[in-house]
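Please read all numbers here as calculations on a predicted model, not as lab measurements.
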Amino acid sequence: QVQLVESGGGSVQPGASLRLSCAASGGTFSAYTLGWFRQAPGQEREFVATISRLGGNTAYADSVKGRFTISRDNTKNTVALQMNILEPEDTAVYYCAATRHIWHIATVTTPTKYGSWGQGTQVTVSS
């Protein structure tokens, strides 16, 4: 199983940008579909974005579409989430996750289909 470590969270004002990064080790990075999920206090973990093994396919939650961009670098074993025009509703702990499931929208947007998770990084958007 691949191990994942997130970084880049913080506290920002509405309208600001943040870039989250996730570094992977211990597996064949390009064999994994990668995803970002988030969990706000008292809420279930929800899908944010996902990217296929070679980066050719991406998908986003409607709430972040047009504001967030997921990318990966298979030479550096990293995946990133660029978050622009942040809103208070984006406040949550953000998790990087990996799955060996092949690309299928119903699968790669479902948290329970991911077998490896990072420890999470807090993002707080507040004025």
Side-chain angles (χ1 to χ4, degrees):
Q1 288 281 41
V2 65
Q3 288 81 50
L4 304 168
V5 178
E6 303 97 335
S7 61
S11 295
V12 297
Q13 293 188 336
S17 298
L18 275 177
R19 184 177 178 84
L20 305 183
S21 294
C22 176
S25 61
T28 303
F29 188 69
S30 60
Y32 292 87
T33 294
L34 301 169
W36 286 97
F37 295 81
R38 67 187 182 186
Q39 189 166 18
Q43 308 222 354
E44 294 187 355
R45 193 166 299 189
E46 66 172 4
F47 165 73
V48 175
T50 183
I51 188 166
S52 59
R53 287 175 284 185
L54 299 182
N57 292 299
T58 58
Y60 298 90
D62 287 343
S63 59
V64 308
K65 204 171 291 183
R67 299 188 297 122
F68 290 11
T69 303
I70 188 171
S71 60
R72 67 188 293 164
D73 186 339
N74 286 353
T75 66
K76 298 181 179 178
N77 290 1
T78 58
V79 59
L81 185 68
Q82 177 67 40
M83 306 186 294
N84 298 328
I85 318 175
L86 282 161
E87 304 170 349
E89 293 74 22
D90 296 318
T91 296
V93 177
Y94 283 71
Y95 297 90
C96 172
T99 179
R100 294 185 71 100
H101 282 288
I102 61 173
W103 183 266
H104 186 278
I105 285 297
T107 299
V108 298
T109 58
T110 303
T112 56
K113 299 299 185 182
Y114 285 73
S116 298
W117 292 84
Q119 82 288 355
T121 185
Q122 177 71 45
V123 172
T124 302
V125 185
S126 173
S127 55

Problem - Shared hydrophobic cluster, Phe68 / Val123 (ILVMFWY, side-chain heavy atoms < 4.5 Å) - result: yes

Is the shortest heavy-atom distance from the side chain of [X] to the side chain of [Y] under 4.5 Å?
X     : Y      : value
Arg38 : Asp90  : yes
Leu4  : Tyr95  : no
Gln39 : Pro111 : no

Practice task
To the nearest 0.5 Å, tell me how far Thr107 OG1 sits from Tyr114 OH.
Solution key: 9.0 Å

[X] side-chain N/O to [Y] backbone N/O, donor-acceptor pair under 3.5 Å:
X      : Y      : answer
Thr91  : Val125 : yes
Glu6   : Cys96  : yes
Ser116 : Val2   : yes

Completion exercise
Nearest heavy-atom contact between Thr50 and Leu34 is OG1-O, 2.9 Å

Handout entry: Minimal non-hydrogen separation, Lys113 against Thr99, with atom names
Key = O-OG1, 2.8 Å

Problem - Aromatic ring pairing Trp117/Phe37, orientation class (parallel under 30°, perpendicular over 60°, tilted between) - result: tilted

Practice task
Kindly confirm or rule out a cation-pi arrangement of Arg72 over Phe29, judged by NZ or CZ under 6.0 Å from the six-membered ring centre and within 45° of its axis?
Solution key: yes

Exercise for the section: Mind checking side-chain hydrogen bond (donor to acceptor under 3.5 Å, both in side chains) for Arg53 and listing every partner two or more places apart, or none if nothing turns up? Expected result: none

Listed pairs under 3.5 Å, donor-acceptor, residues 10-20 side chains, sequence neighbours left out:
residue: Ser17; atom: OG; partner: Asn84; partner atom: OD1; Å: 2.9
residue: Arg19; atom: NH1; partner: Gln82; partner atom: OE1; Å: 3.3

